[in-house]
Amino acid sequence: MDALLPADWFDRPAPEVAPDLLGRHLELPDGVVLRITETEAYTAYDTACHANKGITPRTAPLFGPPGHLYIYLCYGIHRLLNLVTDSEGTVGCVLIRGCTIVNGRPTVRTRRGGRTDLRGPGKVGQALALDVGWSGMPLARVRPLASLGVSEGTPVAHHHTTPRIGIDYAEPVDRDRLWRFVAGKKRSRSR
DNA sequence: AGAAGGATTCTCT
DNA sequence: GAGAATCCTTCTT
């Protein structure tokens, strides 16, 4: 099995961590292993970032130490997975927007209601059976609640960048940043 | 206490 | 391509 990425691996700016996460593996103790194929970076002074209007109970993990989880409910339906980057006190995170299944396909199929495509952050959350109660917890292979780990996997040879999705509310300068990272050469999109 | 709005997805057409 | 589903967080009276 791959070596886990230590917490300080995430102690870098989010736009640097995000492309480096492509090809890495998300591992759950139930045997589900996903390969990350699409990410987005969010930073401080970024009007697309949930933390840009100050710290709140929900967004507190974004201000915390690297290598922790930030999970929130989107549109009342979807649980979205973020990995906190940068040092404690500095806002930064990477949204996991898409994956492919490495292991545990039957489990994912059950959780996804018969489907196995994981293009889109809500689908990833469903495949991992994310719980917002995990938000703020550290990554680790074995823990009572947030039993989620990120391992080395196989970094990708090629990726391309695009503007981030679903952040029309942000300032134009932030909307235009090429902070969405997709594994492989230019091909399909997530929506 | 009330209201607004979303880092989305699915199902139609 | 358009519209509904759905509920929590946050901001405003």
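Every heavy atom of this structure was used, including side-chain atoms; hydrogens, water molecules and symmetry mates were not.
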Quiz item: Rounded to whole angstrom units, what separation is found between the OH atom of A:Y169 and the P atom of B:dG5?
Solution: 14 Å
Quiz item: Between atom CG in A:N52 and atom C1' in B:dG6, what is the gap in whole Å?
Solution: 14 Å
Quiz item: Taking atom C1' of B:dA7 as reference, at what distance in whole Å does atom CZ of A:F181 sit?
Solution: 15 Å
Quiz item: Taking the side chain from A:R180 and the backbone from A:T39, do they hold a donor-acceptor pair closer than 3.5 Å?
Solution: no
Exercise. Could you tell me whether A:R115 contacts a base, only the sugar-phosphate backbone, or nothing, with contacts defined as non-hydrogen atoms closer than 4.0 Å?
Key: sugar-phosphate
Quiz item: Side chain of A:H159, backbone of A:L22: donor and acceptor closer than 3.5 Å?
Solution: no
Practice problem: Taking A:R79 for its side chain and A:I77 for its backbone only, find out whether a donor-acceptor pair lies under 3.5 Å. | Solution: yes
Quiz item: Quick one: A:D168 CG to B:dG5 P, roughly how many Å, whole number?
Solution: 14 Å
Self-check item: Basic-acidic side-chain contact under 4.0 Å: A:D176, A:R164
Solution: no
Practice problem: Give the rounded distance in Å between these two atoms: NE2 of A:H50 and P of B:dT8. | Solution: 9 Å
Quiz item: Taking atom C1' of C:dC11 as reference, at what distance in whole Å does atom NZ of A:K53 sit?
Solution: 10 Å
Quiz item: DNA chain C in dot-bracket, Watson-Crick or G-U pairs under 3.5 Å, [ ] crossing, | other strand?
Solution: |||||.||||||.
Quiz item: Where along residues 71-83 of chain A does a heavy atom come under 4.0 Å from DNA chain C, residue by residue in number order?
Solution: A:L73, A:Y75, A:G76, A:I77
Quiz prompt | Out of B:dT9, B:dT8, C:dT9, whichever nucleotide has its closest atom nearest the side chain of A:I165 | solution = B:dT8
Practice problem: Assert yes or no for the condition that the ring centre distance of A:Y42 to A:H50 is strictly below 6.0 Å. | Solution: no
Quiz item: Going by atom types only, do A:N52 and A:T47 share a side-chain donor-acceptor pair under 3.5 Å?
Solution: no
Exercise. Answer yes if the side chains of A:R111 and A:Q126 hold a donor-acceptor pair under 3.5 Å, and no otherwise.
Key: no
Practice problem: Report yes if a side-chain nitrogen or oxygen of A:R180 is closer than 4.0 Å to either non-bridging phosphate oxygen (OP1 or OP2) of B:dA7; otherwise report no. | Solution: no
Quiz item: CD1 of A:I96 versus P of B:dT8: gap in Å, rounded?
Solution: 14 Å
Exercise. Have a look at A:R58 and say if it touches a base, only the backbone sugar-phosphate, or nothing, with a 4.0 Å heavy-atom cut-off.
Key: sugar-phosphate
Practice problem: Could you say whether A:I167 or A:R112 is positioned toward the 5' end of DNA chain B, judged by the nucleotide with the nearest heavy atom to each? | Solution: A:I167
Quiz prompt | Sidechain N-carboxylate O distance under 4.0 Å for A:R12, A:D8 | solution = no
Quiz item: Want to settle it: does A:Y70 or A:D117 sit nearer the 5' end of DNA chain B, counting the closest nucleotide to each?
Solution: A:Y70
Quiz item: Can A:R112 and A:D117 be counted as an ion pair, charged N to O under 4.0 angstrom?
Solution: yes
